[in-house]
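When reading the values below, keep in mind they use all heavy atoms of this one structure, side chains included, and skip hydrogens, waters and symmetry mates. We number each residue from 1, following the sequence as shown. Remember, it's a predicted structure, so these values are computed and weren't measured experimentally.
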Amino acid sequence: MGKRTKKVGITGKYGTRYGSTLRKQIKKIEITQHAKYTCSFCGKDSVKRAATGIWTCSSCRKTTAGGAWVMNTAGGATARSTIRRLRDAKEDL
C-alpha cells in the first residue's frame, strides 16, 4: 500500500474543513496523544493514553495520571520539583 498523504498526516480525515492553521495545531496534538511513552516503573515504551489524563502501561499494567494530550506536562514537572524541594527542606530541619 502506498503513502496516502504527503503533508496532512493524521488530519487527513478532516479534508478541507476548519482551515489549515487549526488542522496543523490538531495534527500536533493528535500525534502526541497517540504516541507511546516510556514507563517510569518498568522502563519500556508501552504507555498509552487510556482516557483524558489517564495513562496506562500495557507491560506492567500501572496506571498514572498525566496531562490530557501529553504524559508529562510542564506544570506537573514544576509541582514535582517544588514538592521534592520542600521535602528536602523539611528533612534538613
For residues 47-58, which side-chain donor-acceptor pairs fall under 3.5 Å, sequence neighbours excluded?
{"residue": "R49", "atom": "NE", "partner": "A68", "partner atom": "O", "Å": "2.8"}
{"residue": "R49", "atom": "NH2", "partner": "T52", "partner atom": "OG1", "Å": "3.3"}
{"residue": "W55", "atom": "NE1", "partner": "G67", "partner atom": "O", "Å": "3.0"}
{"residue": "S58", "atom": "OG", "partner": "S46", "partner atom": "O", "Å": "3.3"}

**Fill in**
Closest non-hydrogen atoms of G76 and T73, given as atom of the first, atom of the second and distance, are N-OG1, 3.1 Å

**Asked** Can you name the nearest heavy-atom pair linking T32 to I29, along with the distance?
**Response** OG1-O, 2.8 Å

**Asked** Can you tell me if CZ on R61 sees more than 12 non-hydrogen neighbours from other groups inside 6.0 Å?
**Response** no

**Item:** T64 OG1 to F41 CZ distance, which is reported to the nearest 0.5 Å
**Value:** 6.5 Å

**Any S59 side-chain heavy atom under 4.5 Å of C39 side chain** = no

**Asked** Between atom CD1 of I26 and atom OG1 of T11, what is the distance when rounded to the nearest 0.5 Å?
**Response** 9.0 Å

**Pair E30 + R23, salt bridge at N-O below 4.0 Å** = no

**Asked** Which distance, rounded to the nearest 0.5 Å, do you find between the CG of N72 and the OG of S40?
**Response** 8.0 Å

**Message:** Counting C-beta onward and ignoring hydrogens, is there a side-chain heavy-atom pair between D88 and R84 closer than 4.5 Å?
**Reply:** yes

**Complete:** Interatomic distance, NZ@K27 vs CG@L22, rounded to 0.5 Å, equals 15.0 Å

**Message:** Distance check, rounded to the nearest 0.5 Å: K7 atom NZ versus T5 atom OG1?
**Reply:** 11.5 Å

**Prompt:** Do any N or O atoms from the side chain of Y37 and from the backbone of V70 form a donor-acceptor pair under 3.5 angstrom?
**Reply:** no

